[in-house]
Amino acid sequence: MEKGMISVDRWSEGSQVYFLTHLHADHTNGLSPTWKRGPLFCSSVTAKLFPFKFPGFNLSLLSVLDVTHWHSLSLISPSSGLETTVQVMAIDAHHCPGAVMYLFRGEFGCMLYTGDFRWETTSKRAQIGRTTLLNALKNEKLDILYLDNTYCNPLYSFPSREVAAKQVVNIISSHPEHDIIIGIDSLGKEDLLLYISRLLNMKIWVWPERLQIMHLLGFHDIFTTKTSLTRVRAVPRYSFSVDTLEGLNTLHPTIGIMPSGIPWAVKTAKPNDNLFGSSISRHNRSSWSTNVAMKKPNENLKIVERYHQYIYSVPYSDHSCFPEIQEFVKLLQPTNMKGIVSKSPSYVDPLYYFGYLCAANQPSKRLCHKLEGEEVGERVEAVHVKRNRGSRNSTDAESKRRRATQVDFLGVRVNRVSLLRRLRCGAKIVDIDCTE
DNA sequence: GCGATCAGCT
DNA sequence: CACAGCTGATCGC
């Protein structure tokens with residue numbers, strides 16, 4: 001295999017330059033303070049947060065890319081061995097602070113790696129993104145689109161974050177005597193918290209490390225670590241559970257709000273089930289419930305009852321929902337397309353739904369010639385593939401067998417989808433034989 | 001002992 | 001199911 005040129009959100013050896021879309025952990029797997037494989041490009045906000053996440057990292061390796069401007073890099077062509085120019089543009093991805101997409105052009109053609117992104121066609125920011133992309137692509141064809149396919153399934157349709165944020169504010173203001181906890185991660189959902197703070201004119205509690213991040217992001221007066229100053233607290237999602245809520249309610253009436261594209265606990269119930277017969281109105285439930293068969297109905301029922309006693313699931317998502325992904329693909333009409341998320345809720349290759357929008361039947365021969373002739377088979381395969389359950393209980397022999405499958409995959413189409421499922425995000429995107 | 005990786009959980 | 005990501009166990013150096 002010839003050496004590659006460019007890796008995005010992928011940190012193994014063999015590339016000349018590396019790009020980071022944003023600082024969520026599933027995109028930094030393999031990065032560490034001791035990493036030193038080459039120049040690492042990212043946005044200015046990501047660069048600002050970077051030392052916090054990777055203290056001791058050699059910052060001379062970091063290069064900041066301004067958004068919406070072309071930057072030229074001089075690299076060695078993997079095919080000819082000669083110097084070649086690659087141009088790259090970072091574009092706001094509207095995901096979490098610092099998140100960008102990368103648009104590349106060079107001898108390999110034109111390609112876009114979205115990273116995680118949200119494409120709200122109603123928002124001002126997305127309109128700017130739309131103009132930027134169209135201007136950048138102007139007379140050029142997008143040869144390959146690496147797409148955030150997290151919610152690439154028609155099951156997933158949710159409102160804009162502005163609408164969802166209003167739902168959150170409604171929930172809080174309809175519980176004037178309650179304490180509120182909101183489950184968030186170490187980065188992301190800041191806009192939601194700012195919105196709450198502005199509309200309800202209150203500070204928001206965050207844990208100390210999160211306050212440091214808020215300060216790095218330039219938010220100095222809105223957040224606090226003093227519990228006495230506010231009844232609204234943003235807490236780490238991993239500490240947000242039914243048990244936590246039940247514990248808190250022994251001290252003071254408290255409700256939880258979970259902003260998420262996946263209302264997991266809701267999904268075990270039907271919209272008209274008695275589970276929702278509570279006197280508290282559930283703003284979001286009607287459009288949310290999907291019916292999923294239950295293995296142990298009674299057991300799950302209890303969990304759901306406990307859940308709905310205290311927790312609101314609000315469809316506030318930093319990923320694009322299905323109709324938005326569709327809009328995005330329609331706009332760009334790439335020649336080829338590849339999902340970057342393998343562990344999505346209902347993984348399906350984006351070509352299954354959007355192949356008709358692009359010229360996927362005539363994949364660019366400059367790129368990924370191996371993909372040619374596989375796309376139709378892959379699309380069919382994608383819907384029939386069974387979820388890989390029970391990996392936690394699998395034996396050593398089973399996991400060895402799976403590893404063997406991964407090796408075989410490089411030349412065998414039929415295993416392609418099941419492998420993609422397990423792969424992490426990230427790609428070595430310019431690699432002559434395109435096997436990653 | 002340290003970092004990388006994985007299992008388990010939410 | 002699992003957005004993103006923590007904790008704790010284990011492995012290899």
Side-chain angles (χ1 to χ4, degrees), chain A residues 9 11-12 21-36 53-57 95-97 99 115-118 148-153 155-156 158 161 164 181-189 192 207 209-210 213 234-246 256 258-269 288-296 300 303-304 306-307 310-311 313-322 325 340-348 385-396 398-400 402-403 421-422 424-425:
Chain A
D9 292 351
W11 312 104
S12 52
T21 59
H22 65 291
L23 273 172
H24 280 156
D26 54 334
H27 294 256
T28 58
N29 277 333
L31 257 189
S32 72
T34 57
W35 187 89
K36 47 176 186 286
K53 176 120 178 175
F54 299 107
F57 191 92
H95 176 65
C96 68
D116 291 349
F117 81 114
R118 181 89 203 247
D148 173 13
N149 55 318
T150 303
Y151 294 122
C152 187
N153 187 311
L155 280 173
Y156 297 108
F158 33 74
R161 283 174 287 197
I181 65 168
I182 304 172
I184 61 166
D185 292 313
S186 55
L187 193 61
K189 312 269 162 52
L192 171 63
W207 63 102
E209 293 79 9
R210 198 60 160 93
I213 291 172
V235 305
R237 194 171 49 178
Y238 61 84
S239 72
F240 185 106
S241 68
V242 174
D243 288 342
T244 309
L245 263 299
E246 287 180 344
M258 183 54 87
S260 165
I262 301 178
W264 64 270
V266 183
K267 286 195 290 186
T268 53
W288 262 122
S289 307
T290 38
N291 304 321
V292 174
M294 295 181 283
K295 276 185 181 169
K296 298 172 187 170
N300 278 7
I303 292 165
V304 174
R306 287 171 66 206
Y307 188 93
Y310 301 115
I311 298 177
S313 188
V314 178
Y316 188 103
S317 170
D318 285 330
H319 293 270
S320 299
C321 63
F322 185 82
I325 298 173
I340 62 170
V341 181
S342 54
K343 283 175 70 181
S344 63
S346 314
Y347 179 83
V348 174
V385 74
K386 289 258 163 60
R387 218 165 272 279
N388 179 22
R389 291 175 189 280
S391 57
R392 282 175 195 165
N393 304 322
S394 61
T395 63
D396 286 352
E398 278 172 330
S399 45
K400 267 179 200 157
R402 276 202 303 279
R403 269 196 289 277
R421 235 185 215 316
R422 289 188 298 273
R424 294 277 176 194
C425 295

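Order of the sequence lines sets the chain letters (A, B, ...), proteins ahead of strands, with each chain counted from 1.
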Separation of atom CG in Asp185(A) from atom C1' in dT10(B), rounded to whole Å: 11 Å
Distance test, side-chain N/O of Ser32(A) to OP1/OP2 of dA4(B), below 4.0 Å: yes
Spacing of Phe240(A) atom CZ relative to dA2(C) atom C1', expressed in whole Å: 15 Å
Touch class at under 4.0 angstrom, heavy-atom based, for Ser186(A) against every strand present: sugar-phosphate
Donor-acceptor pair under 3.5 Å, Ser260(A) side chain vs dC3(C) base: yes
Atom of Gly188(A), atom of Arg210(A) and distance for their closest heavy-atom approach: O-NH2, 2.9 Å
Distance below 4.0 Å between His319(A) side-chain N/O and dA4(C) OP1 or OP2: yes
For atom CH2 of Trp35(A) and atom P of dA4(B), their distance in whole Å: 13 Å
Under the ring pair (Phe, Tyr, Trp, His ring centres under 6.0 Å) test, residues paired with Phe54(A) that sit two or more places apart: Phe50(A)
Touch class at under 4.0 angstrom, heavy-atom based, for Thr34(A) against every strand present: sugar-phosphate
N/O donor-acceptor pair, side chain Arg237(A) with base dC3(C), under 3.5 angstrom: yes
Validation row: Tyr151(A), Phe158(A) side chains within 4.5 angstrom (heavy atoms): yes
His24(A) side-chain N/O to dC3(C) phosphate OP1/OP2 under 4.0 Å: no
Sugar-phosphate only, base, or nothing, as touched by His95(A) at under 4.0 Å among non-hydrogen atoms: sugar-phosphate
From dC3(C), dT10(B), dA4(C), nucleotide with atom closest to Asp26(A) side chain: dA4(C)
Identified side chain to side chain contact (heavy atoms under 4.5 Å, CB included) counterpart of Arg118(A) within the set His95(A), His319(A), Arg161(A): Arg161(A)
